[in-house]
Amino acid sequence: MTEPRPLVLITGVGRKISIGTEIARRLAADGWDIAFANHSPDSGFVDEFSLELQELGAKTFTSDTDLADPSAPETLMQAVAAQLGPVRALVASHALSVDSSILDTSVESFDRHFAVNTRASWLLIKAFAQQYASAPGLGRIVALTSDHTTHNLPYGASKGALDRIVIAAAGELGHLGITANIVNPGPVNTGWISPEAGEALSRETALGRLGTQGDAANLVSFLLSERGGWINGQLLHSNGGFHLPF
């Protein structure tokens, strides 16, 4: 009898060029069923991408979810479990990012960044742990982070807080056999990098190029595999040797 495919929930999958989209594609090819969430996705994307994943053998579940709503993470996790069964891995790839600095960040923007990037991730991790039912040693949490801070205050601060939450999960959920790690993919062009900025960022990378969505997906694929099960509580810089210019 064929073993059932494990189920992963991936947030931030709403555009063709997002990192989360490539992670979902790679994990479907690896043999995972895919639940993916987004907020206001690109027109036609969800149906088209669901079909692509199904052609790779994956069962799929999709949800347009506003993670700024504090009730949304638990509701999402319950909906996924009701449709496809218990979730074995969580990949938090969603993010709100609006450029602003110390002097011009509004309280409303600051709070919304923390609601989406930090609080929602904590609540997703909590809901994931509460429904986890797989064998010890197979559970996985991976969150995507960033070291961008200058002139991107609320995004950088909220991602820094996320890092600490994931590290806490690595310790607190170890008794369930769940690992938790953070991936910093460095500069990846998901539509925000101009040609000029791309050239400048490439010069700051030891390997002389920007990262790709596939680079991040390769690492997440490994972390979710049984071979990645001894890696826990780590912030992994999968960035080609990138150093921020100051």
Side-chain angles (χ1 to χ4, degrees), residues 3-13 19-37 58 61 67 73-74 76-78 80-81 84-95 117-147 158-186 211 213-239:
E3 287 290 322
R5 294 167 69 108
L7 174 61
V8 57
L9 169 59
I10 310 171
T11 59
V13 182
I19 295 174
T21 296
E22 188 60 32
I23 290 171
R25 183 178 288 117
R26 174 61 189 270
L27 294 178
D30 286 347
W32 291 78
D33 287 334
I34 309 292
F36 65 94
F61 173 90
L67 290 172
E74 183 177 4
L76 172 62
M77 192 67 66
Q78 289 176 348
V80 173
L84 294 181
V87 178
R88 203 173 91 180
L90 169 66
V91 178
S93 183
H94 67 277
N117 298 343
T118 309
R119 184 182 68 196
S121 298
W122 155 51
L123 292 173
L124 281 166
I125 290 169
K126 178 181 178 181
F128 168 68
Q130 288 173 332
Q131 62 82 63
Y132 180 74
S134 295
L138 296 179
R140 300 286 188 270
I141 295 167
V142 176
L144 270 66
T145 192
S146 172
D147 49 19
S158 60
K159 284 293 190 176
L162 167 64
D163 297 350
R164 296 302 182 95
I165 291 170
V166 177
I167 290 171
E172 295 180 15
L173 304 181
H175 69 287
L176 297 174
I178 296 172
T179 65
N181 293 287
I182 310 139
V183 170
N184 184 342
Q213 292 85 338
D215 292 327
N218 287 338
L219 180 53
V220 174
S221 171
F222 175 74
L223 291 173
L224 265 60
S225 72
E226 290 192 35
R227 294 174 299 156
W230 191 235
I231 301 173
N232 193 30
Q234 304 301 309
L235 198 171
L236 304 168
H237 293 271
S238 175
N239 63 9

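What you see is a predicted model; the values in this text were computed from it and never measured.
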Let's go through Gln213 and Thr21 carefully: what are the C-alpha distance in whole Å and the side-chain angles of both, what is the deciding distance for side-chain contact (heavy atoms from CB on, under 4.5 Å) to 0.1 Å, and is it a yes or a no?
CA-CA 8 Å; Gln213 292 85 338; Thr21 296; over 6 Å; no

Between Tyr132 and Gly139 (side chain of the first, backbone of the second, donor and acceptor by atom type, cut-off under 3.5 Å), is there such a pair?
yes

Check the pair Arg26, Val220 against side-chain contact (heavy atoms from CB on, under 4.5 Å), reporting the backbone distance first and the verdict last.
CA-CA 9 Å; Arg26 174 61 189 270; Val220 174; over 6 Å; no

Would a 4.5 Å heavy-atom cut-off, applied to side chains only, mark Ile23 and Val8 as touching?
no

Rounded distance (nearest 0.5 Å) linking atom CG of Leu90 with atom CG of Leu224:
9.5 Å

By the definition side-chain contact (heavy atoms from CB on, under 4.5 Å), identify the one residue from Asn184, Thr145, Leu219 that meets it with His237.
Asn184

Write down the atom of Val87, the atom of Leu9, and the distance for their closest heavy-atom approach.
CG1-N, 3.8 Å

Atom CZ of Arg140 and atom CG of Leu27: how far apart are they, to the nearest 0.5 Å?
12.0 Å

Go through it in stages, so that I can follow the logic: the residues are Leu173 and Ile141, the test is side-chain contact (heavy atoms from CB on, under 4.5 Å), and I'd like the CA-CA distance, side-chain angles, deciding distance and then a yes or no.
CA-CA 10 Å; Leu173 304 181; Ile141 295 167; 3.8 Å; yes

Distance (rounded to the nearest 0.5 Å) between Leu235 CG and Ile182 CD1
4.5 Å

With a 4.5 Å heavy-atom cut-off, do Val166 and Asn181 have their side chains touching?
no

Heavy-atom donor-acceptor pair, Glu172 side chain to Ala169 backbone, under 3.5 Å:
no

Could you state the interatomic distance from CD1 (Ile165) to OG1 (Thr118), rounded to the nearest 0.5 Å?
5.5 Å

Run the salt-bridge test on Asp163 and Lys159 with the 4.0 Å N-O cut-off and return the result as yes or no.
no

Kindly give the heavy-atom pair with the smallest separation between Ala37 and Leu76, and that separation in Å.
CB-CD2, 3.8 Å

Closest approach of Thr11 to Ala92 (non-hydrogen atoms, all atoms of both residues)
OG1-CA, 3.3 Å

Of all the heavy-atom pairs spanning Phe128 and Arg88, show the shortest one and how long it is.
CZ-O, 3.4 Å

Give, for atom NZ of Lys126 and atom CD of Glu74, the distance between the pair rounded to the nearest 0.5 Å.
7.5 Å

Over all atoms of both residues, closest heavy-atom pair of Ala35 and Val80:
CB-CG1, 3.6 Å

Could you go step by step and tell me if Phe222 and Ile231 meet the side-chain contact (heavy atoms from CB on, under 4.5 Å) rule?
CA-CA 10 Å; Phe222 175 74; Ile231 301 173; 3.4 Å; yes

Working to the nearest 0.5 angstrom, can you tell me the gap between Gln234 CD and Ile167 CD1?
8.0 Å

Test your reading of the model: is there a side-chain donor-acceptor pair from Ser121 to the backbone of Asn117, 3.5 Å cut-off?
yes

What are the two closest non-hydrogen atoms of Ala58 and Ala28, and how far apart are they?
CB-CB, 4.1 Å

Keeping Asn232 on the side-chain end and Ala180 on the backbone end, is there a donor-acceptor pair under 3.5 Å?
yes

